[in-house]
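The next block holds one structure in the form of structure tokens; read it before the comments.
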Amino acid sequence: MNDHDLANILMVDDQPGKLMSYEAILGTLGENLIKARSAREALDQLLRNDIAVVLMDVSMPEIDGFELAEMMRQHPRFQKTAIIFISAVHLTDVDRIKGYRSGAVDYISVPVIPELLRAKVSVFAELHRKNRQLERLNSELEKRVEERTAQLRENEDLLRERADLLELATEAIIVRDMNGAILYWNSGAEALYGWRREEILGESVHEVLQTRFPAEFSTIQTELHETGQWEGNLTQITRDGHEVIVACRKALKADGNAILEINRDITAQLKTEDALRKTERLAAMGRVAGIIAHEINNPLEAITNTFYLLRDHPSLDDEARYYAKLGEEELLRVAHITRQTLGFYRESRHPVQVSISGLLDEILELQMRRMEFSSIQLEKQYRSIGTVQGFPVELKQVFLNLIGNAAQAMPEGGRLRLHVFESRGRRNRTGAVCISICDTGTGIAPENAKHLFEPFFTTKSTKGTGLGLWISKGIIQKYGGSIRFRTLSRAGRNVTCFQVTLPDVDLQKIKEPAFASMTVPAEDMAGDFDDH
Amino acid sequence: MTTDRITILVVDDENVPRMLRCLILQKQGYQIVAADSGRKALQLLADGGIDLVLSDQMMPSMTGTELARTIKASRPSMPVILISGVNEIPADASCADRFISKVGGPELLFETISEVLAAYGYTL
């Protein structure tokens, strides 16, 4: 209902003549007039329309005006409907009228003065109209408020969802002001750097994290301000002192008041890439070694055979025979080197169960005659079989190297002690197979000790590539183990012990033999002790 | 039976190495027949009189292992030794009696031949 909507005026009188006269009087108001000839009809009209004011004759047969008013007042919808009683005013009537406190009530006495009736009716009509307007505005306002509230709640939910998502992100998401003070620190940042949100808010980000930038800080700032973004790798220190490398993306907030940083930890990834590159290089080396091996070994064999034929050739005089012998000896060195570094192997394709004690016994069998010849006493103490998972040929090479060295250290005789035992770690969780090889030979001089495992280090004058211990160490390290040695002087005798430790190993790490093309079949080394 | 009653078929596609290998074996007292390919070797085998086959591994049309397999298919009691300069022992090397390195020198070769002949019942 707006300002121009018509109000419904209900006129109730049992006498049609009176109704007509009221109609005539009120017609000029321009409202909608509804007639009812009885209380019942009036109620009907009330129910069907939105009545602004009821003009009621008090004296009606059956149900009079007061009774109708009573009925109306009992109905919640009509409790406040304006009522104008038309009556010949009696004292009792006035009391009664005054008794109707709820809703607008008025009366007009008989005879009706048209201007008065018009005025009273139009007042109530206008009031009704205004009320309806107010109600309408109110409900619209309520609706708008509800809509706004719903929108705000939606925004809040969205924000919360976004915040949750930021929390889900494994990247470290940091927001900081232009001075570096931290404004936002997500759980990814907590995980990466070890600092909790409460501890670090407000702190200067690059001071706490000890950031090292790939370029001058001013250069980065410039780029950030000019393009709004910067990307690069940073080196930072976590709370417990670890160095991490992160891929960092900075973005300048639109209003230029804050910087968003998203950092991803790439330390592991870089290490893997590094390792991969090394492996590739090693593999490439292996392949190159393979090619070289073949190219060298063929002419090598031919030349060796040539010298063999020259040996004791009748047409050679002493001098020529001497030269031939020199050539043959030098060629032996070449053969030795290629065998060591480019030789071939008969290795199993996958790690298998290897009995270390079995391996040692095989080696000892090969060396038996030589040891007897050098008067070397053998002492075996196998407290355990020493089972490990691995590649038998390369493991055999390691022990052949060590036993060979031990025997060579005792040219005038001595004692070789082999000890195999298992060491159980704390709480029986990790174990290791330990092998110790001890000799009573010349010992290791202190100045040589630190160079022992270096490649090409040897104390043997003629033979010796200096690669044996270096290769052995590489092989054992691949198993996560170690080779250590000790040399003691006791009562004029030297005792040198090498100890190899092979821990319970992670098979993922030893998918293949350590040096693909650098192991040599033990059979080929029979009678040929290896060297440092 | 002494070595000079034993005939060895030496197979190698490279001429000088093959020739030198033949010479050192002759110095040991073996009789030699030579072939420069697997195909030629099979032809010579068919002529008879061969006691042992000594073949190179890396040959262009037929490798040593292929030759060994072919020989063993029809003559299981023919000793076959493969000699090689390659870096890796091939997976199917077990079809031959032995697979040795060229870098092992003449002594390794002589020892291997003696052992294999002994295993096949030859007494030297």
Side-chain angles (χ1 to χ4, degrees), chain A residues 283 285-314 328-329 331-350 393 512-513 515-528, chain B residues 8 10-30 32 34 36 54-60 63-65 81-113 115-116:
Chain A
M285 272 169 60
R287 281 195 293 272
V288 167
I291 296 167
I292 294 176
H294 181 248
E295 296 308 304
I296 288 184
N297 290 343
N298 281 347
L300 184 63
E301 188 232 5
I303 300 171
T304 307
N305 288 347
T306 312
F307 276 118
Y308 180 79
L309 292 169
L310 281 176
R311 232 193 266 172
D312 320 313
H313 198 280
E328 193 170 359
E329 275 172 16
L331 198 63
L332 265 175
R333 286 184 67 190
V334 176
H336 194 65
I337 291 170
T338 64
R339 244 194 316 223
Q340 183 99 73
T341 57
L342 304 174
F344 63 77
Y345 66 103
R346 195 197 302 258
E347 186 61 278
S348 41
R349 301 258 159 201
H350 308 282
V393 172
E512 7 176 77
F515 296 85
S517 63
M518 282 181 169
T519 57
V520 182
E523 298 74 43
D524 268 1
M525 296 178 71
D528 190 36
Chain B
I8 299 182
V10 175
V11 192
D12 197 324
D13 61 306
E14 287 183 41
N15 293 332
V16 173
R18 185 188 64 243
M19 182 193 68
L20 287 166
R21 211 170 302 138
C22 292
L23 287 172
I24 66 164
L25 287 171
Q26 276 172 343
K27 195 167 173 187
Q28 275 298 90
Y30 292 105
I32 300 298
D36 64 0
L54 174 68
S55 174
D56 182 32
Q57 167 63 15
M58 298 293 275
M59 294 190 291
T63 63
T65 43
I81 299 174
L82 297 178
I83 186 167
S84 182
V86 296
N87 213 26
E88 198 177 302
I89 300 179
D92 56 350
S94 55
C95 58
D97 292 283
R98 291 291 186 94
F99 194 108
I100 59 172
S101 166
K102 282 186 180 170
V103 174
E107 284 82 10
L108 177 63
L109 180 59
F110 300 150
E111 218 175 274
T112 309
I113 293 174
E115 284 171 12
V116 170

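Keep in mind that this is a model prediction, so the values were computed, not measured. The sequence lines fix the lettering, A, B, ..., with proteins before strands; numbering per chain opens at 1.
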> Are any non-hydrogen side-chain atoms of B:Phe110 and B:Lys27 less than 4.5 angstrom apart?
Replying inline: no

> Applying the side-chain contact (heavy atoms from CB on, under 4.5 Å) test to B:Asp56, which of B:Val10, B:Thr63, B:Asp13, B:Leu82 qualifies?
Replying inline: B:Asp13

>> Using a 4.5 angstrom heavy-atom cutoff, name the option from B:Ile24, B:Leu109, B:Leu23, B:Val16 with the most pairs to chain A.
In response: B:Ile24

> With only heavy atoms counted, which part of B:Ile83 is less than 4.5 Å from chain A, the side chain, the backbone, both or neither?
Replying inline: side chain

> Between B:Glu107 and chain A, which part of the residue has a heavy atom less than 4.5 Å away: side chain, backbone, both or neither?
Replying inline: side chain

>> Check whether B:Gln57 reaches the backbone of B:Thr65 with its side chain - one donor and one acceptor, N or O, closer than 3.5 Å.
In response: yes

> With a 4.5 Å limit on heavy-atom distance, are the side chains of B:Arg21 and B:Lys102 in contact?
Replying inline: yes

> Of the non-hydrogen atoms in B:Cys22 and B:Ile32, which two are nearest, and what is the gap between them?
Replying inline: SG-CG2, 3.4 Å

> chain B heavy atoms under 4.5 Å from A:Leu309: which part of the residue, side chain, backbone, both or neither?
Replying inline: both

> Between B:Arg18 and chain A, which part of the residue has a heavy atom less than 4.5 Å away: side chain, backbone, both or neither?
Replying inline: neither

